[in-house]
> 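First the structure, which I've put down as structure tokens, then a few questions once you've had a look.
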Amino acid sequence: NERLAKLQESYPYIQQGIDTLQKRLASDIGGAVKIAGSVIAALLTIPLVAIILLASRSTLRQTVYDLVPNDYFEITVTVLNDIIEKLKGYVVAKTAETGVMIVLHAIGFALIGLPNALFLGILAGLLNLIPYIGKLVTFVPLALVTLVEGNGMLFVYSLIVVVIAQVIDNTVLQTYLIGKFVDIHPLIVLIVTSTFLSNLSPA
């Protein structure tokens with residue numbers, strides 16, 4: 001404290017910089033808390049809706065069938081059954097993808113010596129279900145843990161682990177799992193994914 005006091009007396013602008021940094025950190029933390037709140041709400045709401053739909057699947061299907069005119073009943077039932085089977089396959093594929101991502105993150109975090117590697121791996125794998133935002137939110141707990149540890153390089157290593165896991169996910173897991181469980185050729189999945197990502201990139 002004495003050294004800081006002398007430093008501030010000699011260089012007054014340092015205190016101004018510290019105050020500015022504190023304000024920016026407070027603003028960034030507030031934004032992160034809002035995003036985390038939205039993520040938590042989504043993680044709570046999605047399983048609840050899924051449970052309700054699964055519990056009422058027989059009556060829900062019958063309700064839909066009752067609304068279909070007789071002339072279109074056969075083709076509607078065929079299309080609905082096909083859609084349901086595809087959705088089931090997609091859910092299985094995403095579940096398997098999430099499990100593999102949890103393992104990849106946990107192993108990577110453990111290899112670089114990150115504390116609470118298993119918990120952070122589970123968190124990163126679950127957040128991977130949320131497109132784009134989930135990947136960004138993953139960096140928040142990693143930054144907090146490495147900040148507590150006081151090791152900046154550990155944060156860099158953890159980012160490398162996340163990037164490697166994302167590359168494996170985008171090039172292997174999504175292509176293979178969705179192609180296998182949703183019955184779509186992996187080449188089609190790869191082309192669609194590449195086209196979608198290229199459309200998102202700035203011109």
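Along the sequence shown, residues are numbered consecutively beginning with 1. Keep in mind that the numbers below use all heavy atoms, side chains included, and drop hydrogens, waters and symmetry copies. None of these values were measured; they are calculated from a predicted model.
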> Decide whether Leu104 and Ile122 are clustered together by the hydrophobic rule: side chain heavy atoms of Ile, Leu, Val, Met, Phe, Trp, Tyr closer than 4.5 Å, transitively.
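No, it is not one cluster - the side chains of Leu104 and Ile122 are not joined through contacts under 4.5 Å.
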> Is it possible for you to say whether Leu142 and Val161 belong to one hydrophobic cluster, with membership spreading through side-chain heavy-atom contacts below 4.5 Å?
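Looking at the clustering, Val161 is in the same group as Leu142.
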> Would you give the length of the straight line joining atom CG of Leu123 to atom NE2 of His105, rounded to the nearest 0.5 angstrom?
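If I round to the nearest 0.5 Å, the distance is 10.0 Å.
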> For Ile107, which fellow cluster members are found when Ile, Leu, Val, Met, Phe, Trp and Tyr are connected by side-chain heavy-atom distances below 4.5 angstrom, either directly or through intermediates?
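Traced through the cluster, Ile107 reaches Val103, Leu111.
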> What's the shortest heavy-atom distance between Ala124 and Phe109, and which atoms?
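Smallest interatomic distance, heavy atoms only, reads CB-CE1, 4.5 Å.
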> Where is the tightest heavy-atom contact between Ala110 and Ala117, given as atom of each residue plus distance?
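Reported closest heavy-atom pair: N-CB, 3.5 Å.
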> Can you name the residues that form a side chain to side chain contact (heavy atoms under 4.5 Å, CB included) with Ala106, not counting sequence neighbours?
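Ala106 satisfies side chain to side chain contact (heavy atoms under 4.5 Å, CB included) with Leu118 only.
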> Hey, could you give me the CZ/CD1 distance between Phe119 and Ile102, rounded to the nearest 0.5 Å?
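Between atom CZ of Phe119 and atom CD1 of Ile102 there are 11.5 Å.
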> Tell me every residue that passes side chain to side chain contact (heavy atoms under 4.5 Å, CB included) with Tyr157, counting only those two or more places apart in sequence or in another chain.
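Applying side chain to side chain contact (heavy atoms under 4.5 Å, CB included) to Tyr157 gives Ile112, Met153, Ile160.
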> Run the side-chain contact (heavy atoms from CB on, under 4.5 Å) check on Asn128 and Thr98 step by step: do they pass?
CA-CA 7 Å; Asn128 188 63; Thr98 301; 5.8 Å; no
> Run the side-chain contact (heavy atoms from CB on, under 4.5 Å) test on Thr146 and Leu114 for me, step by step, so that the C-alpha distance in whole Å, both residues' side-chain angles and the decisive distance to 0.1 Å come before the verdict.
CA-CA 8 Å; Thr146 52; Leu114 191 67; 3.9 Å; yes
> Are Leu159 and Leu154 connected in the hydrophobic side-chain network, where two residues link if heavy atoms are under 4.5 Å apart?
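In one cluster: yes.
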> When clusters are formed by joining ILVMFWY residues with side-chain heavy atoms under 4.5 Å apart, either directly or through shared neighbours, do Val156 and Val162 land in the same one?
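Yes; Val162 is reachable from Val156 via cluster members.
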> I'd like to know whether Asp169 forms a side-chain contact (heavy atoms from CB on, under 4.5 Å) with Glu97, so could you lay out the CA-CA distance, the side-chain angles of the two residues, the decisive distance to 0.1 Å, and finally the verdict.
CA-CA 8 Å; Asp169 181 33; Glu97 177 192 357; 2.5 Å; yes
> Hydrophobic cluster membership, with links at side-chain heavy-atom distances under 4.5 Å among I/L/V/M/F/W/Y: are Val145 and Phe155 in one?
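In one cluster: yes.
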